[in-house]
Amino acid sequence: MSELLDILRREIRLQGPITLARYMDICLAHSDHGYYPKQDPLGRAGDFTTAPEISQMFGELIGLWAGVVWQQMGQPSAVNLVELGPGRGTLMADALRAASIVPSFPDAIAIHLVEISPALRAVQAEALAAHGPAWHDNDTTLPAGPLIIIANEFFDALPILQFERRASLWHERLVGLAEDGQLCFVLSPPQSTNPMVPDSHKNAPDGTIVEVCPAAWNIVARLADAVGQHGGGALIIDYGHDGRRAGDTFQAVKDHRFHPPFEMPGEVDLTAHVDFGALASAANTLSTIAYGPLAQGPFLEALGIRERADVLMKEVPAALRDEIRSALARLTGTEEMGALFKVMAIARSDTPPPPGFEVA
Ligand SMILES: C[S@@+](CC[C@H](N)C(=O)[O-])C[C@H]1O[C@@H](n2cnc3c(N)ncnc32)[C@H](O)[C@@H]1O
């Protein structure tokens with residue numbers, strides 16, 4: 001039995017079923033046995049591959065996006081370039097290389113990385129050694145000042161709560177123990193209403209499952225507040241939807257395949273689709289506007305990914321051209337990441353729309 005399973009069973013036996021958010025938090029972030037703190041799960045040999053690991057084009061375009069946002073801010077002499085959940089540091093390294101062509105931008109940048117994983121911090125330290133990043137356990141310790149925030153596949157890893165409608169009443173879906181000691185979903189006692197269930201779903205038909213992610217709302221609200229106060233922008237990229245659709249998106253992945261989410265806790269990646277509608281509600285304030293979400297494919301095309309691919313193909317030996325073509329198709333294709341992944345931006349209401357969102 002894994003040590004994490006033992007910890008979970010003990011907690012549930014002691015205090016009863018736990019929320020799904022608590023389950024995700026223990027599995028993903030437990031300091032000794034959590035999925036992220038103990039390892040680098042990215043890449044072909046790991047459990048999943050992200051856009052920056054597919055092609056340098058992804059990070060390069062985001063670096064140029066950040067450069068234009070900095071120009072739109074009036075080119076402050078100091079700006080914090082923040083990445084939430086930077087993985088291997090690949091996106092940031094590619095972004096900084098591309099952004100070096102924006103005059104004076106590199107001299108203005110201080111890099112701040114929000115990362116819970118000591119294992120991944122070590123990989124990031126190597127990838128970004130030349131740039132002297134500072135690390136944070138969470139966004140609350142970021143320094144005050146103008147900031148540009150990037151988050152790719154970060155919000156899907158944050159803990160969610162689930163609610164299920166039965167006989168016109170709401171129950172929370174909790175994690176408990178079956179008679180044989182296996183982890184399983186159990187339902188809380190019924191409630192006629194639940195403050196967490198959004199108004200748009202509160203009279204949903206029986207059988208509806210609704211997910212909410214208060215951790216994500218809180219982070220986005222703090223980021224929007226910082227952008228409103230100090231100037232800047234944020235770019236959030238993830239798989240998700242606009243919030244109008246209810247449904248169960250909680251999933252586990254191991255070795256690039258879906259996996260039962262209650263088997264092998266701490267050994268599988270746990271995620272849920274991001275509700276961009278809810279994030280936009282948290283980001284729309286008196287001084288900030290949420291743009292999007294747009295589909296990733298059209299967004300990258302608006303930033304010039306096809307033109308960048310053409311340039312790269314001319315620079316590399318013929319044998320590598322297929323790799324670039326296939327990366328382009330993976331990042332933009334509607335059957336691949338181009339439609340499932342969405343992009344949302346936050347900017348101050350007194351600045352122009354950020355690149356890619358001009359007509360959004
Ligand atoms: C799916 S990976 C994405 C990595 C990278 N952004 C990329 O696109 O390759 C999720 C990243 O977020 C980090 N992470 C997960 N939960 C976190 C949390 N609650 N706070 C800070 N970082 C977290 C992980 O350690 C990892 O670096």
Side-chain angles (χ1 to χ4, degrees), residues 21-31 33-63 65-66 81-96 111-128 133-142 149-160 213-220 222-223 234-240 251-254 256 266 268-274 296 300 327 330-331 337 340-343:
R22 174 79 182 145
Y23 177 70
M24 286 181 78
D25 190 43
I26 294 177
C27 291
L28 294 178
H30 187 281
S31 54
H33 311 294
Y35 179 77
Y36 279 113
K38 69 184 178 199
Q39 63 179 346
D40 169 4
L42 285 105
R44 211 171 282 177
D47 291 328
F48 55 85
T49 303
T50 57
E53 303 298 331
I54 291 172
S55 168
Q56 67 185 75
M57 297 185 286
F58 188 80
E60 288 172 346
L61 292 172
I62 291 176
W65 183 93
L81 184 56
V82 177
E83 188 174 354
L84 308 179
R88 288 180 170 170
T90 309
L91 189 162
M92 185 58 88
D94 291 336
L96 291 170
I111 308 288
H112 291 271
L113 307 175
V114 175
E115 176 58 73
I116 46 162
S117 166
L120 284 169
R121 281 186 185 200
V123 183
Q124 293 154 18
E126 247 181 72
L128 299 168
W135 280 271
H136 303 261
D137 292 335
N138 59 61
D139 63 286
T140 62
T141 56
L142 290 170
I149 306 130
I150 310 295
N152 184 60
E153 288 206 46
F154 167 76
F155 283 95
D156 65 64
L158 298 183
I160 61 159
C213 188
W217 306 339
N218 291 334
I219 293 172
V220 168
R222 284 194 294 268
L223 298 180
L235 189 67
I236 299 172
I237 308 175
D238 226 307
Y239 40 89
Q251 65 186 35
V253 165
K254 180 159 186 59
H256 301 265
V268 300
D269 187 28
L270 298 175
T271 63
H273 286 209
V274 172
Q296 175 174 293
L300 293 177
R330 265 182 94 178
L331 293 174
M337 298 169 83
L340 175 64
F341 279 71
K342 310 282 189 303
V343 188

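Remember, predicted model here, so these are calculated numbers, not experimental data. Numbering starts at 1 and runs along the sequence shown. Counting starts at 1 for both ligands and their atoms, following the listed order.
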Novice: Is there a polar contact between ligand 1 and D156, counting only N or O atoms under 3.5 Å apart?
Specialist: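 No; every N/O pair is 3.5 Å or more apart.
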Novice: For L120, counting its heavy atoms only, list the atoms of ligand 1 lying under 4.0 Å from any of them.
Specialist: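 Checking each atom against L120, I get 25 (O), 26 (C), 27 (O).
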Novice: Closer than 3.5 angstrom, by distance alone: can the side chain of Q39 be matched with the main-chain N or O of A119 as a donor-acceptor pair?
Specialist: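 Checking the backbone N and O of A119 against the side chain of Q39, no donor-acceptor pair under 3.5 Å is found.
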Novice: When E153 is tested against each of T271, T50, L91 for side chain to side chain contact (heavy atoms under 4.5 Å, CB included), which residue passes?
Specialist: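 So the option named by the test is T50.
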Novice: May I ask you to list the atoms of ligand 1 that are less than 4.0 angstrom from any heavy atom of F48?
Specialist: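 Matching atoms, with element in brackets: 1 (C).
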Novice: If the cut-off is 4.0 Å to any non-hydrogen atom of S117, which atoms of ligand 1 fall inside it?
Specialist: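 In order of number, 25 (O).
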Novice: Report, in ascending order of atom number, the atoms of ligand 1 lying under 4.0 Å from any heavy atom of T50.
Specialist: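 Atoms satisfying the 4.0 Å criterion: 7 (C), 8 (O), 9 (O).
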Novice: Consider every N or O of N152 and every N or O of ligand 1, then say whether any pair is closer than 3.5 Å.
Specialist: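 In this structure, N152 places an N or O atom under 3.5 Å from an N or O of ligand 1.
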Novice: Can you see which heavy atom on Q56 is nearest to which on E60, and at what distance?
Specialist: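 Scanning both residues completely, I find the closest heavy atoms to be NE2-OE2, 2.6 Å.
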Novice: Can you figure out which of Y36, W135, F154 has its heavy atom closest to atom 1 (C) of ligand 1?
Specialist: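 The residue whose heavy atom sits nearest atom 1 (C) of ligand 1 is Y36.
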Novice: Which of the numbered atoms in ligand 1 are below 4.0 angstrom from a heavy atom of L158?
Specialist: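 It comes down to these atoms of ligand 1: 19 (N).
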Novice: For D94, what residues pass the salt bridge (Lys or Arg N to Asp or Glu O under 4.0 Å) criterion, not counting sequence neighbours?
Specialist: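 So D94 forms a salt bridge (Lys or Arg N to Asp or Glu O under 4.0 Å) with R97.
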Novice: Does ligand 1 have an atom that lies less than 4.0 angstrom from a heavy atom of N138?
Specialist: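 No heavy atom of N138 comes that close to ligand 1.
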Novice: Are any of the N/O atoms in E53 less than 3.5 Å from those in ligand 1?
Specialist: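 Between E53 and ligand 1, no N or O pair is found under 3.5 Å apart.
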Novice: Please give me the minimum heavy-atom distance between R121 and E115, naming the atom from each residue.
Specialist: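 So the minimum-distance heavy-atom pair works out to NH2-O, 2.8 Å.
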Novice: Counting only heavy atoms, tell me which of E153, E115, R121, H136 gets closest to atom 27 (O) of ligand 1.
Specialist: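 It is E115 whose heavy atom sits nearest to atom 27 (O) of ligand 1.
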Novice: Give the atom numbers and elements of ligand 1 that come within less than 4.0 Å of a heavy atom of L42.
Specialist: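 Every atom of ligand 1 under 4.0 Å from some heavy atom of L42: 9 (O).
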Novice: Please find the pair of heavy atoms, one from L28 and one from P37, that lie closest to each other, and give the distance.
Specialist: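 Heavy-atom minimum between the residues: O-CD, 3.0 Å.
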Novice: Going by the angle between their ring planes, with limits at 30° and 60°, are Y36 and F48 parallel, tilted or perpendicular?
Specialist: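 Plane angle over 60°, so perpendicular.
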Novice: Please identify which atoms of ligand 1 are closer than 4.0 Å to at least one heavy atom of G87.
Specialist: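 Listed by number with element, the hits are 4 (C), 5 (C), 27 (O).
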Novice: Relative to the heavy atoms of P52, which atoms of ligand 1 are at a distance of less than 4.0 Å?
Specialist: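 That gives atoms 7 (C), 8 (O), 9 (O) of ligand 1.
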Novice: Looking at every non-hydrogen atom in both residues, tell me the closest pair between L128 and G89 and how far apart they are.
Specialist: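 Nearest pair, atom of L128 first, then G89: CD2-O, 4.0 Å.
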Novice: Judged by non-hydrogen atoms, does A29 sit under 4.0 Å from ligand 1?
Specialist: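 False for this residue.
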